[in-house]
Amino acid sequence: MEEYVYVLDYLPNGPAGARGPRVEPIVYAIGESEFRLFELVAKPKAVIQFEDRIYIGAETSRRTVIDHVKRRIKFEELSATAQGELEYAIATIVKANEQKYLRFYNESEALSLKKHALEELPGLGKKTMLAILDERKKGFFTSFQDLAERVPALKQPESYIVKRIIDEISSSDHKHFLFVPREAPRRS
């Protein structure tokens with residue numbers, strides 16, 4: 001369960017076209033641990049900025065900005081602004097948790113006889129994958145900077161992770177989910 005989220009968009013007067021006495025201030029946000037997307041209801045007169053890190057966990061006394069979680073949403077339900085902010089928020093989360101995502105480069109394994117998990121990162125080819133595997137035999141990478149220095153073809157290693165997370169959030173057509181939990185099929 002997500003305890004903290006990053007703000008992607010804030011609509012103090014509710015979504016476009018919302019009218020009537022029950023219009024609620026809406027926040028679109030992304031969870032920092034499982035990258036779940038949320039539509040949240042802000043407390044009245046809350047001050048909210050893009051990319052704020054906000055608590056939404058079970059302890060209501062710690063919820064200073066968010067009144068309640070309205071619902072989980074899909075990528076397509078995000079506002080255009082929220083979709084535009086998604087990459088920046090995910091990059092912030094990945095950089096803030098560098099060791100967690102560096103572990104993927106240090107510990108990922110083959111998915112099959114012909115495909116390695118590293119090859120699932122958009123833009124990372126076989127040559128770069130082999131260079132990463134060769135370097136990690138010499139010792140685990142200690143930071144994204146260490147990885148970039150030891151594997152020169154990989155200029156910004158965190159950006160490959162960010163792109164993959166965006167792919168996993170925006171499409172359910174993946175055979176393997178590396179960073180975002182696979183959604184269970186919904187019952188009708």
Where [X] and [Y] come nearest, the two heavy atoms and their spacing:
{"X": "I90", "Y": "I165", "result": "CD1-CG2, 3.7 Å"}
{"X": "A91", "Y": "V162", "result": "CA-CG2, 3.7 Å"}
{"X": "F179", "Y": "L121", "result": "CE1-CD2, 4.1 Å"}
{"X": "V41", "Y": "E24", "result": "CG2-OE1, 3.7 Å"}
{"X": "A89", "Y": "Y6", "result": "CB-CB, 4.3 Å"}
{"X": "E39", "Y": "I26", "result": "CG-CG2, 3.6 Å"}

With rounding to the nearest 0.5 Å, note down the distance linking [atom1] in [X] to [atom2] in [Y].
{"X": "L37", "Y": "L78", "atom1": "CG", "atom2": "CG", "value": "5.0 Å"}
{"X": "I93", "Y": "E158", "atom1": "CD1", "atom2": "CD", "value": "14.0 Å"}
{"X": "I166", "Y": "S171", "atom1": "CD1", "atom2": "OG", "value": "13.0 Å"}
{"X": "E149", "Y": "F144", "atom1": "CD", "atom2": "CZ", "value": "14.0 Å"}
{"X": "E119", "Y": "T128", "atom1": "CD", "atom2": "OG1", "value": "10.5 Å"}

### Task
Show the numbers, then the answer: is there a side chain to side chain contact (heavy atoms under 4.5 Å, CB included) between K175 and L111?
CA-CA 10 Å; K175 185 175 181 179; L111 298 171; over 6 Å; no
Among the clusters formed by ILVMFWY side chains lying less than 4.5 Å apart, do [X] and [Y] turn up in the same one?
{"X": "Y28", "Y": "V69", "answer": "no"}
{"X": "L178", "Y": "V94", "answer": "yes"}
{"X": "F38", "Y": "Y55", "answer": "no"}
{"X": "F140", "Y": "L133", "answer": "no"}

Give a yes or no on whether the backbone of [Y] and the side-chain of [X] come within a donor-acceptor separation of less than 3.5 Å.
{"X": "Q83", "Y": "F75", "value": "yes"}
{"X": "E85", "Y": "D9", "value": "no"}
{"X": "R164", "Y": "P122", "value": "no"}

### Task
Apply side chain to side chain donor-acceptor pair (under 3.5 Å) to E2 and list each qualifying residue two or more places apart in sequence or on a separate chain.
S33
### Task
Please identify each residue that fulfils side chain to side chain donor-acceptor pair (under 3.5 Å) with D167, with sequence neighbours left out.
none
When you check the gap from the basic side-chain N to the acidic O, do [X] and [Y] get nearer than 4.0 Å?
{"X": "E135", "Y": "K138", "answer": "yes"}
{"X": "K115", "Y": "E120", "answer": "yes"}
{"X": "E76", "Y": "K74", "answer": "no"}

### Message
Just to verify, which of V27, D67, I54 counts as forming a side chain to side chain contact (heavy atoms under 4.5 Å, CB included) with L40?
### Response
V27
### Task
Output, in order, the C-alpha distance, side-chain angles, deciding distance and verdict of side chain to side chain contact (heavy atoms under 4.5 Å, CB included) for S108 and M129.
CA-CA 11 Å; S108 61; M129 178 211 52; over 6 Å; no
### Message
Listing request: all side chain to side chain donor-acceptor pair (under 3.5 Å) pairs with a residue in residues 86-105, at least two apart in sequence or in separate chains.
### Response
E51-T92
### Query
Checking side chain to side chain contact (heavy atoms under 4.5 Å, CB included) for the pair I66/V5: CA distance, chi angles, key distance, verdict?
CA-CA 11 Å; I66 299 302; V5 295; 5.7 Å; no
Does any non-hydrogen side-chain atom of [Y] lie less than 4.5 Å from one of [X]?
{"X": "T81", "Y": "F50", "answer": "yes"}
{"X": "L102", "Y": "D146", "answer": "no"}
{"X": "F141", "Y": "I132", "answer": "yes"}
{"X": "D52", "Y": "V65", "answer": "no"}

### Task
Let me see the working for I56 and Y4 under side chain to side chain contact (heavy atoms under 4.5 Å, CB included), right down to the final yes or no.
CA-CA 6 Å; I56 65 162; Y4 287 92; over 6 Å; no
### Message
Is it the case that over 12 heavy atoms from other parts of the model lie below 6.0 angstrom from the CD atom of Q145?
### Response
no
